[in-house]
Amino acid sequence: MKATRRVSRNHPEILRARPRRIQRRLAPRPWADQLEPMMAGGNVHYELSEQTCATAYGGRGAIHTMAHRVGWGDEIDRTPHLLKVRLPHPENDHALNVAYKIVRGGQRLEDIERRRQKESFLEGLGAQRIPDPTPAGDFTRRFHIEDIARLQACINRTRRRVWQPPPEGFGDRGLH
């Protein structure tokens, strides 16, 4: 006899609550000038379970963790600012948001809105919210040729840190 699995009565309420949580996250509020990135990085874990909120963009969590560990966001924040006021997102949130859109295969700024509405995506970034397409477009339109050169310099400085030789003894221990 095949065992049947009971469905929790809470599942419909859990599913109904997700859009409400997104609405609260994205609701307008009075923000202070942001000195730290809002996309600070989540504690990304990869699990397989029937009870987890999942995303098809698990690799984005690894990329986000790497970007923060190598200091790419810090490099962007050390450059001259394009934004007069960083409300609610600083430059590196905008730059990472556009980069993630491209990595996900997005071609237009409007592609950002789909991920912005996904709780699992926001949780994976450890973000209350991500910039919506309108300020993301405004951010990209502010770039002049000099700003692109400064952003490329940030990428190049970070790349040099990533490709430094490993410390002495790295890799001496095998996997057991």
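All residue numbers in this chain count up from 1 along the given sequence.
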Parallel, tilted or perpendicular: rings of Tyr100 and His64 (30°, 60°):
perpendicular
Heavy-atom closest pair, residues Pro37 and Pro90
CA-CG, 3.5 Å
Taking atom CZ of Arg21 as the centre, does the number of heavy atoms from other residues, nucleotides or ligands within less than 6.0 Å exceed 12?
yes
In this structure, are over 12 heavy atoms from other groups packed under 6.0 Å from Ile145 atom CD1?
no
Only counting residues at least two apart or in another chain, list the ones meeting salt bridge (charged side-chain N to carboxylate O under 4.0 Å, His left out) with Glu110.
Arg108
Atom pair CD (Glu36) and CG (Asn92), whose distance is rounded to the nearest 0.5 Å:
9.0 Å
Note: Ala136 and Ile112 closest approach over all heavy atoms is CB-CD1, 3.9 Å
Between Arg25 and Arg129, the two heavy atoms sitting closest are O-NH1, 3.0 Å
Looking at CD of Gln23 and CZ of Arg18, how far apart are the two atoms once the value is rounded to the nearest 0.5 Å?
15.0 Å
side-chain hydrogen bond (donor to acceptor under 3.5 Å, both in side chains) involving Asn97 - partner list, sequence neighbours excluded:
none
Under the side chain to side chain contact (heavy atoms under 4.5 Å, CB included) rule, what do Leu96 and Ile130 come out as? Steps first, then yes or no, please.
CA-CA 10 Å; Leu96 285 171; Ile130 62 172; over 6 Å; no
In terms of heavy-atom contacts, Ala95 and Phe139 come closest through N-CE2, 3.9 Å
Distance in Å, Lys118 NZ paired with Ile22 CD1, rounded so as to fall on 0.5 Å steps:
9.5 Å
Atom CD of Gln107 with >12 non-hydrogen neighbours under 6.0 angstrom:
no
Just how far is it from atom CZ of Arg16 to atom CD of Glu13, taken to the nearest 0.5 Å?
5.0 Å
Would you call Arg161 and Glu75 a side-chain contact if the rule is heavy atoms closer than 4.5 Å?
yes
Working to the nearest 0.5 Å, report the span between CG of Asp74 and OG1 of Thr158.
9.0 Å
Is the shortest heavy-atom distance from the side chain of Asp138 to the side chain of Arg142 under 4.5 Å?
yes
Would a hydrophobic clustering, with Ile, Leu, Val, Met, Phe, Trp and Tyr connected at side-chain separations under 4.5 Å, put Trp163 with Met66?
yes
Quick check: closest heavy atoms across Pro88 and Gln34, and the distance to 0.1 Å?
O-CG, 2.6 Å
Output yes when a side-chain donor or acceptor of Asp93 lies under 3.5 Å from a complementary backbone atom of Met39, and no otherwise.
yes
What is the distance from atom CZ of Arg115 to atom CD of Glu113, rounded to the nearest 0.5 Å?
11.0 Å
Minimum heavy-atom distance Lys101-Asp111, with the two atoms named
CG-CB, 4.3 Å
Answer whether the closest heavy-atom distance between the side chains of Gln128 and Leu122 falls below 4.5 Å.
no
Would you call Pro135 and His89 a side-chain contact if the rule is heavy atoms closer than 4.5 Å?
no
Do Ile148 and Ile155 land in one hydrophobic cluster if side-chain heavy atoms of ILVMFWY residues count as linked below 4.5 Å?
yes
